There are 2 protein chains.
Amino acid sequence: MRFEAITIKDIAKALGLSTSTVSRALRDSYEISPETKQKVIAYAKENNYRPNPIALSLKEKRSSSIGVIVSEIANSFFSQAINGIESIANEKGYNVIIAQSKEELEREDSALQYLASRSVDGILLSVSSRTSNFDHIKKLYDRGMPMVSFDCLVDFEGIHKVMVDNIKAAYEGTEHLINKGFKNIACIASSSFLSITTERVKGYTAALHKYNQPIQTNNIEYIPHGGLIQEEIYEAMDRLMNQKEKPDAILACSDRITTNVMRYCQNKKINIPKQLGLIGFSNLDLTDLLTPSLSVVRQPAYEMGRAAADLLIKMLESKRAITEFENVVIPSTLIERDSSMQIKL
Amino acid sequence: MRFEAITIKDIAKALGLSTSTVSRALRDSYEISPETKQKVIAYAKENNYRPNPIALSLKEKRSSSIGVIVSEIANSFFSQAINGIESIANEKGYNVIIAQSKEELEREDSALQYLASRSVDGILLSVSSRTSNFDHIKKLYDRGMPMVSFDCLVDFEGIHKVMVDNIKAAYEGTEHLINKGFKNIACIASSSFLSITTERVKGYTAALHKYNQPIQTNNIEYIPHGGLIQEEIYEAMDRLMNQKEKPDAILACSDRITTNVMRYCQNKKINIPKQLGLIGFSNLDLTDLLTPSLSVVRQPAYEMGRAAADLLIKMLESKRAITEFENVVIPSTLIERDSSMQIKL
DNA sequence: CTTTTTTACGCAAACGATTTCGTTTTGAGT
DNA sequence: ACTCAAAACGAAATCGTTTGCGTAAAAAAG
């Protein structure tokens, strides 16, 4: 079974013209007489002609499409970011191809390779939590594939980057917990390879330092697969809660980590926030309905997507090579709810 | 800025061969001497050669990609379904292009048109809640575009369909509420155009009928945009709760409707389940963490995606035209939690 | 009534890969 | 020595579209 679309050749044959004439008529060239144009356009419309984008891509060496690689789309941050990307892309006449790395290096690489082999004009990339080595990305980038890095950033320079101020975001989250009276705050972050992890941990320690709270390395846990594997988070929680001095609050540095910490506490009958305060990075739109309502650091995913897509398309459409690379930093928002309120609830 | 990949021509030139020889060497043709093959393969590997899929698509008249149109990816049901689709597609060597209709007819049509113009071999479609007329879909389908309809189905026959048993699912949900002692159960469904709506309402009324509860039309609300617009749900709830005989429980027929009913109740200080029982269709993976934990009808989204993709690819790869069309019905699951427990909590 | 210009169109190449149909060379068979 | 076939490769068409160039006829200029 196959779908056969009408081509310029079919029109030419039907109207007794050459393909060049038809092509020019459709593009409203001055070399074609008004009558011929009229005939061609009418016939094309009638038969629902649409130029074959594949033939166009082959000829023009561009596909008018951009690729997006994220860890998974079933993640509120990324689905919101993709909405932002699409809003810009549609506006500018590009279409979007989405690929998921599922937090695996091999899938990231194969997605990159597929997109690279000419089907897309450029790539928006948020690296997976398993990406400790960025050579496969840098290689492709150096060979001329336009790319913009967003959220989980690549480690090299000379590339546009879009991010939140992770240090500040984590600092504010931690500070909020401190202000609410928590004395022994732990931090659960994503894989240690990621820039967002190191920055968020940096913000966390900076806040502790500022308020003269001790910084204990055994209060910092890293989750290798960024929360995709529930077990990893449960194990981290076990380690934290089995210490002599249990933490009394937790800063959870990703969506999946946050929800799985809540689930752990529910299973273990740990009351939030009485026994354990919690604030988490999350873009879920029903954190207000959770029990207790969840205090979150919210990333402006939609805006980040828009900014990244905008940078990429500007890059694609610029004549000369880019020499100045931007680091777009978009502010995050702290939303204080019940999960971080120690005293009264 | 543009990315230039290595082509078969480059290899031919570098090795002093013709493009035909290179092509054959890479495809391991018997007409090429082992030594030449060796040289070509080595050079190709070294220079990271990858066949240009666009050129291939043009020649083969197929793109090895399938399109998926859903209302929005930021919806747990669809993102899970897409995961299922991708799992099959990757297995069979297809890649997936995702488009969102955002519950708008125009966006659905333009997505369809784009995908149609030869960039995809087939389409998996869940129609938008604004789609009251299916002509644009049927037209394309009749012109030979392979399609499989899943979840929100098209209204015509002669096409593969993948769905849950909506009547049974709604029946079981309603029955569960009845068994828990609720006496005046309302139903909030998606737009009245959709087959899933009529079927779920049918299941709801069937259960009421079976247990001798009165069926009141003013207890059935339809949400034009399927829940994408929060206001529409709030207004429906207002209508329901301002009746003389308020409902004591609600069957919410989509993810967005369910969560927005909860949000409404929270705003209006309506206690679930004491004042209002609730069971909802939902695929969110944290309904267990809500307050109260949410009773749900869960659709097997991943399996539905797999089934739909499987049918489509079988269709694409079958030599002769399909004459038998399948209606794949996949069972849903009822998960009983606190939101539907009237007596004790 | 020529010559030049304009008008309106067709031819063919190009994009990258595959494939059908040659073509050349070598070696075996008679 | 002659035929024939196998082995190893190349030329060219094809997919759908655009575009530089060529060219016929018609119109304008001389």
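So that the names make sense, note that chain A is the first sequence line, chain B the second, and so on, each numbered from 1. Just so you know, these numbers come straight off a predicted model, no measurement behind them. All values below come from the heavy atoms of this structure, side chains included, with hydrogens, waters and symmetry mates left out.
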Mind calculating the distance between CD1 (I54(A)) and P (dC15(C)) to the nearest angstrom? 19 Å

To the nearest 0.5 Å, atom CD1 of I8(A) lies from atom OG of S20(A) at 9.0 Å

Side chain of T19(B) only, please: which of dT18(C), dG22(C), dG10(C) is the nearest? dT18(C)

Toward the 5' end of DNA chain D, which comes first, L17(B) or L56(A), by nearest nucleotide? L17(B)

Atom-pair distance (CD on E31(B); C1' on dA5(D)), nearest Å: 15 Å

Which distance, rounded to the nearest 0.5 Å, do you find between the CD1 of I73(B) and the CZ of F78(B)? 11.5 Å

Roughly, in whole Å, what's the span from CG in L58(B) to C1' in dT19(C)? 15 Å

Whole-Å distance, Y49(A) OH to dT18(D) P, equals 6 Å

Under 4.0 Å between a Lys/Arg side-chain N and an Asp/Glu carboxylate O for E106(B) and K102(B)? no

Using a heavy-atom cut-off of under 4.0 Å over every strand shown, decide if S33(A) touches base, sugar-phosphate, or nothing. sugar-phosphate

Find the distance K9(A):NZ to dG16(D):P and express it as a whole number of Å. 6 Å

The answer to which of S20(B) and A55(B) contacts DNA chain D further toward the 5' end, by nearest nucleotide, is S20(B)

Test for a donor-acceptor pair under 3.5 Å between the base of dG16(C) and the side chain of R50(B), counting only N and O atoms. no

Whole-Å distance separating the CG atom of N47(B) from the P atom of dG16(C): 15 Å

Whichever of I32(A) and K59(B) has its nearest DNA chain C nucleotide further upstream toward 5': I32(A)

Atom NZ of K61(B) and atom P of dT18(C) are separated, to the nearest Å, by 18 Å

Regarding the side chain of T21(B), the nearest nucleotide among dG10(C), dC9(D), dA17(C) is dC9(D)

Output the single nucleotide from dC15(D), dA14(C), dG10(D) whose closest atom is nearest the side chain of R24(B). dG10(D)

Quickly work out the K13(B) NZ to dG16(C) C1' distance and round it to whole Å. 13 Å

Determine: side-chain N/O of S23(A) to OP1/OP2 of dT18(D), distance under 4.0 Å, yes or no. yes

Take R306(A) and D310(A) through the side-chain contact (heavy atoms from CB on, under 4.5 Å) test and state the conclusion after the steps. CA-CA 6 Å; R306(A) 281 181 66 92; D310(A) 196 52; 6.0 Å; no

Student check: side-chain heavy atoms of E108(B) and R130(B) closer than 4.5 Å: no

Between Y30(A) and dC9(C), is there a side-chain N or O to OP1/OP2 distance below 4.0 Å? no

